[in-house]
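Worksheet: the structure to be examined is printed underneath.
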Amino acid sequence: MDRAPEQLRIEAQLISAARELGPRLAERAYQADQDLRIPDETIAEMKAAGLFKILQPARWGGFEMDPRTFYKVQAVIAEYCMSTAWIYGVMGVHPWQIARYPMKTQEEIWGEDVNTLVASTYMPTAKVTPVEGGYQVSGRWGFSSCCEHSSWFLLGGIVPESDGRPPEHGTFLIPRSEVIIHKNWDTLGIRGSGSHDLEVKGCFVPAHRVQRTNSTSVDDTPGRKANTNPIYNLSFASVFVRAVSTACIGGLRGAINEFVRYASQHVGNHGSKTAEDPQAQQVIVEAMCAVDAMELVLERDYSEMMDYAERGELPPVEKRLLYRYHSSSVPASCADHVSALMRCMGAQGMYSKSPIGRIFRDIHQARGHIANNYMAHARVAGTVFLGLPNPDPFV
């Protein structure tokens, strides 16, 4: 899908805004790690720049841009602070999903404030009981990034069997007033994301705030009747898996930039510059080429996805599985390359204030997300390519 000149102009402005924020994000990255929280001023600046509204419908003050713009912005942010890029990915993508909820729900979220932020955790741990007009929901969920900055929460659970439909994954939209945050996030990497546990103790969730997560029917995503931009025709899986992998590309690019500066200045105990080390010369080019290759493949995948979305179609399951594998393999590849850069730094990269050391920890943390289990996704894709039924209902 070719994008119109106006789209490309807006994209350039948004990327420029993210780049302008970058140095301030880098200055705050260490403190964000220590505080286990993205600073309030960072959230305010990102809101002011409109970055959270890239996928938000125009009727609610958004840009409703091609998701490729969103992920380019995420990668730029990650060059400076992966924790900030992580929360940007998982929160900035929520307007896309909310746009598919009924208009009544969208009014509840954005009617008074188009800058409302929504956090999530999709693990299907909710206890869900059907009641008149909706569901009674209780449960505890882990890994809700940037929950302390959020007013609403998208929480996962299983919608019980009804009207002949089997049980299926659902997303339950719940206001902050009903949610308890358990501050237990203390991890190796992406520390600033503040991805704490959440608990809900018996909250009524009306039917209009429940979405059958993986369904692509218009009946189950009625917001698409009003929000007709083709981006809202994409499947949940194709949009959301990129939110937890793309930051790694930007992180690796940031590590490359830092390593170039470091290698040109650092003189080891044996009197030679790191830049003169043949291993350093090799790994920096390998990392640069890896970034280039990953970006090209993901750009091609999304170009194909948008072509299908323009026609109101989903890609064949074989393509969807391959797209998911490509996305999930990014953190593992980035982890290998940032590890190689770290090896060329000796002990210098091990300090907690080392930008490359922080990126090393962040990328390795990111690869632990269930959506980035590339080996499992390779096996599922291989199953289908070898003529067997698709075992993954998410795709």
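Residue indices begin at 1 and follow the sequence shown. Values below: all heavy atoms of this structure, side chains included; hydrogens, waters and symmetry mates excluded.
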Treating [X] as the side-chain partner and [Y] as the backbone partner, does any N or O pair qualify as donor plus acceptor under 3.5 Å?
X      : Y      : value
Ser217 : Asp220 : yes
His377 : Ala371 : yes
Glu178 : Val200 : no
Thr105 : Tyr101 : no
Asn233 : Ala309 : yes
Thr42  : Ile38  : no
Ser339 : Ala335 : yes

Ion pair present between [X] and [Y], side-chain N to carboxylate O less than 4.0 angstrom?
X      : Y      : answer
Glu148 : Lys183 : yes
Glu6   : Arg9   : yes
Arg24  : Glu27  : no
Arg59  : Glu64  : no

Pick out which of Trp60, Phe70, Tyr88, Phe63 makes a ring-ring contact (aromatic ring centres under 6.0 Å, His included) with Phe52.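 Among Trp60, Phe70, Tyr88, Phe63, the one that satisfies the ring-ring contact (aromatic ring centres under 6.0 Å, His included) with Phe52 is Tyr88.
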Spacing of Met103 atom CE and Glu108 atom CD [to the nearest 0.5 Å]: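 So the gap between those two atoms works out to 11.5 Å.
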Would you say Met123 and Ile87 are hydrophobically clustered, going by side-chain heavy atoms of ILVMFWY under 4.5 Å?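 Unlinked, Met123 and Ile87 end up in two clusters.
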Assigning hydrophobic clusters by single linkage (Ile, Leu, Val, Met, Phe, Trp, Tyr; side-chain heavy-atom cutoff under 4.5 Å), is Met294 placed with Tyr302? no
For a quick test of reading the model, state the closest non-hydrogen atom pair linking [X] to [Y] and the distance between them.
X      : Y      : answer
Asn372 : Ser327 : OD1-O, 4.3 Å
Tyr232 : Pro57  : OH-N, 3.2 Å
Val380 : Pro391 : CG1-CD, 3.9 Å

For the residue pair Arg311 and Tyr308, would you count it as a cation-pi contact if the rule is NZ or CZ under 6.0 angstrom from the ring centre and within 45 degrees of the ring axis?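 Because its charged atom sits under 6.0 Å from the ring centre and within 45° of the axis, Arg311 does stack over Tyr308.
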Do other residues, nucleotides or ligands put more than 12 heavy atoms under 6.0 Å from Leu8 CG? yes
More than 12 heavy atoms from other groups under 6.0 Å of CD on Glu112: no
Phe153/Phe172 aromatic ring centres below 6.0 Å: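 That pair fails the under 6.0 Å test.
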